[in-house]
Peer 1: 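Here it is, the structure in full.
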Number of protein chains: 2
Amino acid sequence: MRARADNSLAERKRQLVADELRDAALMLLATKGFDVVTVDDIVAAAGMSRRTFFRYFASKEDVVVRFLADTSADIITELATRPPAEPSSVALRHALWVPLAACNDHPEHSERARVVVRLILDTPALHARWLERQIEWRAELAAELANRSGLDPHTDPYPRMAAGMALLALDTVLQRWQPGDDEQHLAKLMDQAFAVVAPALDAPAASPAAG
Amino acid sequence: MRARADNSLAERKRQLVADELRDAALMLLATKGFDVVTVDDIVAAAGMSRRTFFRYFASKEDVVVRFLADTSADIITELATRPPAEPSSVALRHALWVPLAACNDHPEHSERARVVVRLILDTPALHARWLERQIEWRAELAAELANRSGLDPHTDPYPRMAAGMALLALDTVLQRWQPGDDEQHLAKLMDQAFAVVAPALDAPAASPAAG
DNA sequence: CATTGCTTGACACTGAGTGCCACCGATAGC
DNA sequence: GCTATCGGTGGCACTCAGTGTCAAGCAATG
């Protein structure tokens, strides 16, 4: 359902409208706060109708969350292409680096991402949606990890928990990145966060016989 | 704000109303599904007014989530009273056992909790709120862990991530508990889940110098 | 009996999200 | 050139969540 990435004729117009909506929304929400800005404000700023907004975004939260969380497929693909012998901690670190790579390479994009991260972490409704999206990521990561390790995800808690730990690392990185006080390099923060969970991610399998 | 547990005269009536509302809501939501049941349906079943519902619960989600997540203070207290020399994994396991203890001891309460867990995990909106509540737990647990370990929670990612891993273990336990196919003992599930994260929880501190 | 305080119900209101239909522009076929 | 069709859009009305406000009801106290 995402396979039509470049139907140049009409698809480009759709993308244009979506970008316009997104930009107007992000601008308003980030400066004025999530709760006080209504969808009417957003569409007024974008010069479109309220109804159109909901054709492109499922909810007011969706505009913000999708800006960060639109790349789940890329993450899974990256994890699937890591060498099977690679330790889980390394493979997961590389997989979750995918959505961060753009921020790290392009400082101008990075600054806006920082604002969005701050907005999400500071707004309970957005934080909830963000976590909801992470749930999907976790399920997909867990399935792929089960694939890699040959474990049964229904009887062994490892795949799900490993995926959860990786996302916890990502969450911690974002939380420590968003203040922006000093130049906290994303790569360094990722290394630190994954260093904490690595002992559990790479521990020798002993889960089924824990009783 | 919770210090008035037994102002016997009027407080008991308040509790009665809250229970009535909660029971009606849980019954309807669990049987018919979260989305199709409106607040009007709930208050009609409870024989009260719509406005009263929102005096007792902040939202429709709140009724369900509070049923499980009303015990954060007890968890922190339990963690704070664990012996300082105890490994983090053991202390956290005991702390997070507190909200589960009631379910484990009283099978009749346990059955309803199972239904609520299933409802939460199956409903995205509820799951998101549940995780949002866990964020608060994580912050409180992290603060207490920083206290125990003497680490600075602003510079060291360990406290926050340790709290997150413990809650991830809890989440995994609930997810594996709710199918209820066979008699999965909560204690056993907790042991298995914590066995996965223990290597990271109890790893020797090496986080600040990871770069 | 009057007052004070707490709870409730009713009403109105904002805002999110959806369904429906009419409109508009472009493209394809006669 | 006229028309049928198709994707996108705007407008409208609707449901439902959640909030503010006010007028009771009802207990305890003077």
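Residue numbers start from 1 in every chain, and the chains themselves are labelled A, B, ... in the order their sequence lines are given, proteins ahead of strands. Fair warning: this is a prediction, and the values are worked out from it, not measured in the lab.
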Peer 1: Which nucleotide, D:dC16, D:dG8, C:dA16, lies nearest any side-chain atom of A:Val39?
Peer 2: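 Closest nucleotide among those given: C:dA16.
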
Peer 1: Rounded to whole Å, please give me the gap between CD1 in B:Ile42 and P in D:dG18.
Peer 2: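 Going from B:Ile42 (CD1) to D:dG18 (P), I get 10 Å.
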
Peer 1: Any salt bridge between B:Arg14 and B:Asp19, counting N to O under 4.0 Å?
Peer 2: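 Looking at B:Asp19 together with B:Arg14, the answer is no, because their closest N to O distance does not fall below 4.0 Å.
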
Peer 1: From the options C:dG17, D:dG18, D:dG8, select the nucleotide whose nearest atom is closest to the side chain of B:Lys60.
Peer 2: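 Closest nucleotide to the B:Lys60 side chain: D:dG18.
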
Peer 1: Can you check whether B:Tyr56 has a side-chain N or O nearer than 4.0 Å to OP1 or OP2 of C:dT8?
Peer 2: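 So the side-chain polar atoms of B:Tyr56 do come within 4.0 Å of the phosphate oxygens OP1 or OP2 of C:dT8, strictly under.
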
Peer 1: Could you check whether B:Arg82 pairs with B:Glu78 (Lys NZ or Arg NE/NH1/NH2 to Asp/Glu carboxylate O, under 4.0 Å)?
Peer 2: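 Yes, charged N to carboxylate O under 4.0 Å.
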
Peer 1: Roughly, in whole Å, what's the span from CG in A:Asp35 to P in C:dA16?
Peer 2: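 Those two atoms, CG and P, are 10 Å apart.
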
Peer 1: Without decimals, in angstroms, what is the distance between B:Phe57 CZ and D:dC16 P?
Peer 2: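 Answer to the nearest Å: 21 Å.
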
Peer 1: Between B:Asp35 and B:Lys60, is there a side-chain N and carboxylate O pair less than 4.0 Å apart?
Peer 2: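 Salt bridge flag = no for B:Lys60 with B:Asp35.
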
Peer 1: Kindly give the atom pairs (protein nitrogen or oxygen, nucleotide nitrogen or oxygen) under 3.5 Å for nucleotides 10-12 of chain D.
Peer 2:
from   : atom 1 : to      : atom 2 : distance (Å)
D:dG10 : OP2    : A:Ser49 : N      : 3.3
D:dG10 : OP2    : A:Ser49 : OG     : 3.1
D:dG10 : OP2    : A:Thr52 : OG1    : 2.1
D:dG10 : N7     : A:Arg55 : NH1    : 3.4
D:dG10 : O6     : A:Arg55 : NH2    : 2.7

Peer 1: Is B:Asp41 salt-bridged to B:Lys32, cutoff N-O under 4.0 Å?
Peer 2: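 Looking at B:Lys32 together with B:Asp41, the answer is no, because their closest N to O distance does not fall below 4.0 Å.
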
Peer 1: Less than 4.0 Å between a side-chain N and a carboxylate O, is that true for A:Arg133 and A:Asp62?
Peer 2: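 A salt bridge links A:Asp62 with A:Arg133.
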
Peer 1: Whole angstrom is fine here: how far is it from CG in B:Asp41 over to P in D:dC16?
Peer 2: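 After rounding, the gap between these two atoms is 8 Å.
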
Peer 1: Tell me: CG of B:Leu21 to P of C:dT7, nearest whole Å?
Peer 2: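 Between P of C:dT7 and CG of B:Leu21: 14 Å.
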
Peer 1: So, B:His94 versus B:Phe194, ring centres under 6.0 angstrom or not?
Peer 2: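 No, the ring centres sit 6.0 Å or more apart.
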
Peer 1: Tell me: CZ of B:Phe54 to C1' of D:dT21, nearest whole Å?
Peer 2: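 Result: 17 Å.
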
Peer 1: Would you mind reading off the distance between A:Arg12 atom CZ and D:dG8 atom P, rounded to a whole angstrom?
Peer 2: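 Roughly 15 Å, once rounded to whole Å.
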
Peer 1: Would you say A:Trp97 and A:Asn104 are linked by a side-chain donor-acceptor pair, where the criterion is simply a distance under 3.5 Å?
Peer 2: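 Judged by distance alone, the side chains do not pair up.
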
Peer 1: Could you check how far NZ of B:Lys13 sits from P of C:dT8, rounded to whole Å?
Peer 2: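 Result: 8 Å.
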
